[in-house]
Number of protein chains: 2
Amino acid sequence: MTIRLMLVDDHEVVRSGLRMLLEGEPDVEIVGEFGLAKEALASLERLKPDVVVMDIGLPDLSGIDATTEVKRLREGTAVVALTIHEDEEYFFKMLDAGASGYVPKRAAPEELLTAIRAAAVGEVYLYPSMAKLLVKDYLTQESHAEARGGMDGLTDREQEVLAHLADGATNLEIGETLGISPKTVARHRENIMRKLGMHSRTELVKYAIRKGIIQA
Amino acid sequence: MTIRLMLVDDHEVVRSGLRMLLEGEPDVEIVGEFGLAKEALASLERLKPDVVVMDIGLPDLSGIDATTEVKRLREGTAVVALTIHEDEEYFFKMLDAGASGYVPKRAAPEELLTAIRAAAVGEVYLYPSMAKLLVKDYLTQESHAEARGGMDGLTDREQEVLAHLADGATNLEIGETLGISPKTVARHRENIMRKLGMHSRTELVKYAIRKGIIQA
DNA sequence: TGAAAAATCGGGTAGGTACCGGATTTACCT
DNA sequence: AGGTAAATCCGGTACCTACCCGATTTTTCA
């Protein structure tokens with residue numbers, strides 16, 4: 001089963017380079033080449049590509065918006081970004097748009113082929129410098145990592161109070177909810193802050209989110 | 001500059017295979033081979049590897065715990081997971097532990113090499129089936145999806161003030177930082193709260209995190 | 001150019017926060 | 001039985017917040 005491929009890049013040089021690279025591959029068939037995003041989108045239904053190799057810097061429509069459109073029009077079609085941009089912003093925006101791969105133009109040609117083949121079977125190829133960004137994002141999204149950690153010696157009652165504090169409730173409201181004096185709530189809060197080395201509700205909110213006690 | 005490499009895998013066959021594969025590469029030097037995680041960890045300081053290729057299914061200590069130890073002992077040493085496991089659980093646990101690469105044993109030998117070279121320069125190589133899992137996680141972590149959305153009509157100055165507010169600064173501190181009166185800060189805050197329909201700093205913190213203005 | 005939006009500053013108030021002091025009861029552990 | 005920790009309560013205070021009022025200047029843009 002050959003992979004039906006569409007190329008979208010406004011540089012004729014790039015397209016012919018890709019053509020040369022891909023022509024030798026028996027499992028890849030180029031079904032269309034476009035220099036403008038809108039032309040490519042208009043031909044989507046007719047050409048039914050499995051994979052679209054998409055530049056980001058296009059003259060009529062950004063590759064990001066074009067990718068969003070491709071995924072809207074033909075959900076099953078995978079998009080691989082091929083671009084000179086290696087910055088965080090474009091990368092994450094392409095992921096949001098639904099891209100299945102991100103390859104800088106400086107990458108080795110085989111890497112684009114790997115990305116195309118991965119995209120064709122529903123997988124994702126990320127160039128190492130980009131994968132690094134995504135992993136970094138994942139790790140700072142510490143709902144995963146830190147949530148597994150202990151609660152730094154907070155008692156059950158303190159955690160309960162913390163949950164309400166971080167949720168935005170006042171001492172009075174929490175006292176009513178838990179059936180205790182607002183002064184006791186304040187006392188619990190003081191102990192929590194001392195234990196955690198924090199000094200404001202704001203810090204408590206962020207702590208609670210990191211620990212998965214509440215949702216952002 | 002050659003990459004100092006350590007192999008940790010309890011199968012002699014795998015180690016000899018890797019040795020054969022890597023011996024031909026001029027930029028890679030194998031400085032140690034181990035079948036047990038504890039032996040590898042004990043030799044870390046002496047061998048000072050740049051990259052450790054780590055199996056997950058080890059007899060004495062899981063590759064996940066071993067990776068955590070490697071990163072604790074030698075922060076600069078990168079770890080590439082080489083394993084038969086392709087399931088979500090092991091993959092994410094290895095990322096949490098600090099791995100810079102994840103390659104299934106069924107992958108082509110060149111992919112391990114790519115991963116090793118990427119890890120050596122601080123980047124991350126993820127096999128496409130694994131990258132797919134991470135991207136999926138990223139997309140369901142919709143804090144991002146929403147972040148890309150509009151800012152609900154907040155002006156530049158208001159967003160700036162919001163960032164400091166959510167960071168825990170008082171009106172006075174923000175005023176000093178931005179060189180404006182604390183009263184002006186309070187006014188900006190009032191406008192922000194009115195526009196967003198919120199009534200407390202706590203809500204602002206959560207909003208700022210959802211929008212990616214600050215980190216939790 | 002003239003209206004609209006943004007950014008700035010100020011006064012005032014009711015209530016909340018952050019932190020200090022001291023105190024009691026209950027429970028659990030050795 | 002005696003000690004330690006948790007959970008509860010109370011009084012007080014300096015500061016901060018959330019919200020109200022009004023005002024000026026600068027920027028933006030139709």
Side-chain angles (χ1 to χ4, degrees), chain A residues 146-147 149-216, chain B residues 147-216:
Chain A
E146 235 187 297
M151 210 57 85
D152 301 301
L154 294 193
T155 66
D156 289 354
R157 194 56 154 180
E158 282 165 353
Q159 289 184 41
E160 196 176 1
V161 170
L162 174 55
H164 290 96
L165 279 172
D167 210 54
T170 65
N171 294 340
L172 184 62
E173 289 166 348
I174 297 170
E176 282 167 0
T177 306
L178 300 182
I180 58 180
S181 154
K183 274 297 193 182
T184 305
V185 176
R187 180 47 104 190
H188 282 307
R189 179 181 45 70
E190 287 174 29
N191 291 333
I192 293 167
M193 284 177 165
R194 185 175 33 74
K195 284 181 181 176
L196 302 180
M198 295 176 176
H199 304 276
S200 74
R201 265 174 153 66
T202 297
E203 292 173 89
L204 290 181
V205 172
K206 290 191 271 190
Y207 177 85
I209 289 172
R210 285 202 301 274
K211 293 293 183 181
I213 298 173
I214 58 160
Q215 258 299 308
Chain B
R148 312 278 182 255
M151 210 59 83
D152 301 298
L154 293 194
T155 68
D156 290 352
R157 196 54 156 180
E158 283 165 353
Q159 290 183 41
E160 196 176 1
V161 170
L162 174 55
H164 290 97
L165 279 172
D167 209 55
T170 65
N171 293 340
L172 185 61
E173 289 166 347
I174 297 171
E176 283 167 1
T177 305
L178 300 182
I180 58 180
S181 152
K183 273 298 192 182
T184 305
V185 176
R187 169 56 89 195
H188 282 308
R189 178 180 46 70
E190 287 175 30
N191 291 334
I192 293 167
M193 284 178 165
R194 186 177 30 74
K195 283 181 182 177
L196 301 180
M198 295 176 178
H199 305 276
S200 75
R201 263 170 153 71
T202 298
E203 291 173 272
L204 289 182
V205 172
K206 291 191 270 190
Y207 176 85
I209 290 172
R210 285 200 302 272
K211 293 292 183 184
I213 298 172
I214 60 160
Q215 262 299 312

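Naming: A, B, ... by sequence-line order, numbering from 1 per chain. Side chains are part of it too, since the values below use all heavy atoms of this structure and drop only hydrogens, waters and symmetry mates. In this text, all values refer to a predicted model and were calculated from it rather than measured experimentally.
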Determine to 10° how strongly the helix from C/dT1-D/dA30 to C/dT30-D/dA1 is bent, judged from the axes of its five-pair ends. 60°
Determine, for nucleotides 17-30 of chain D in 5'-to-3' order, which nucleotides have protein heavy atoms under 4.0 Å from the base (write B), from only the sugar-phosphate (write S), or from neither (write -). SBBBBB--------
Here the gap from A/Leu204 atom CG to A/Asp167 atom CG, rounded to the nearest 0.5 Å, amounts to 13.0 Å
If every non-hydrogen atom of A/Glu160 is compared with every non-hydrogen atom of A/His164, which pair is closest and at what distance? O-ND1, 3.0 Å
Could you list the donor-acceptor pairs under 3.5 angstrom formed by side chains in residues 171-185 of chain B, with sequence neighbours left out?
{"unit_1": "B/Glu173", "atom_1": "OE1", "unit_2": "B/Thr170", "atom_2": "N", "d": "2.9"}
{"unit_1": "B/Thr177", "atom_1": "OG1", "unit_2": "B/Glu173", "atom_2": "O", "d": "2.9"}
{"unit_1": "B/Ser181", "atom_1": "OG", "unit_2": "B/Lys183", "atom_2": "N", "d": "2.9"}

Not counting sequence neighbours, which residues clear salt bridge (Lys or Arg N to Asp or Glu O under 4.0 Å) with B/Arg189? List them please. none
Round to a whole Å and report the spacing from CD of B/Glu176 to P of C/dC9. 13 Å
Show the distances under 3.5 angstrom between N or O atoms of the protein and N or O atoms of nucleotides 4-7 of chain C.
{"unit_1": "C/dA7", "atom_1": "OP1", "unit_2": "B/Arg157", "atom_2": "N", "d": "3.3"}
{"unit_1": "C/dA7", "atom_1": "OP2", "unit_2": "B/Thr155", "atom_2": "OG1", "d": "2.3"}

Quick check: closest heavy atoms across B/Ala163 and B/Ile213, and the distance to 0.1 Å? CB-CG2, 3.6 Å
Between protein and nucleotides 24-30 of chain C, map the contacts as a letter string: B base, S sugar-phosphate only, - none, heavy atoms under 4.0 Å, written 5' to 3'. -------
Could you tell me the separation between the CD1 atom of B/Ile192 and the C1' atom of C/dT8, rounded to a whole number of Å? 14 Å
B/Arg201: what forms a salt bridge (Lys or Arg N to Asp or Glu O under 4.0 Å) with it, not counting sequence neighbours? none
So that I can tick it off, tell me whether B/Glu203 and B/Lys206 are bridged by a salt bridge, with the cut-off set at under 4.0 angstrom between side-chain N and carboxylate O. no
B/Glu158: partners by side-chain contact (heavy atoms from CB on, under 4.5 Å), with sequence neighbours left out: B/Leu154, B/Thr155, B/His188, B/Asn191, B/Ile192, B/Lys195
Send over the distance from A/Asn191 CG to D/dA7 P, rounded to a whole Å. 9 Å
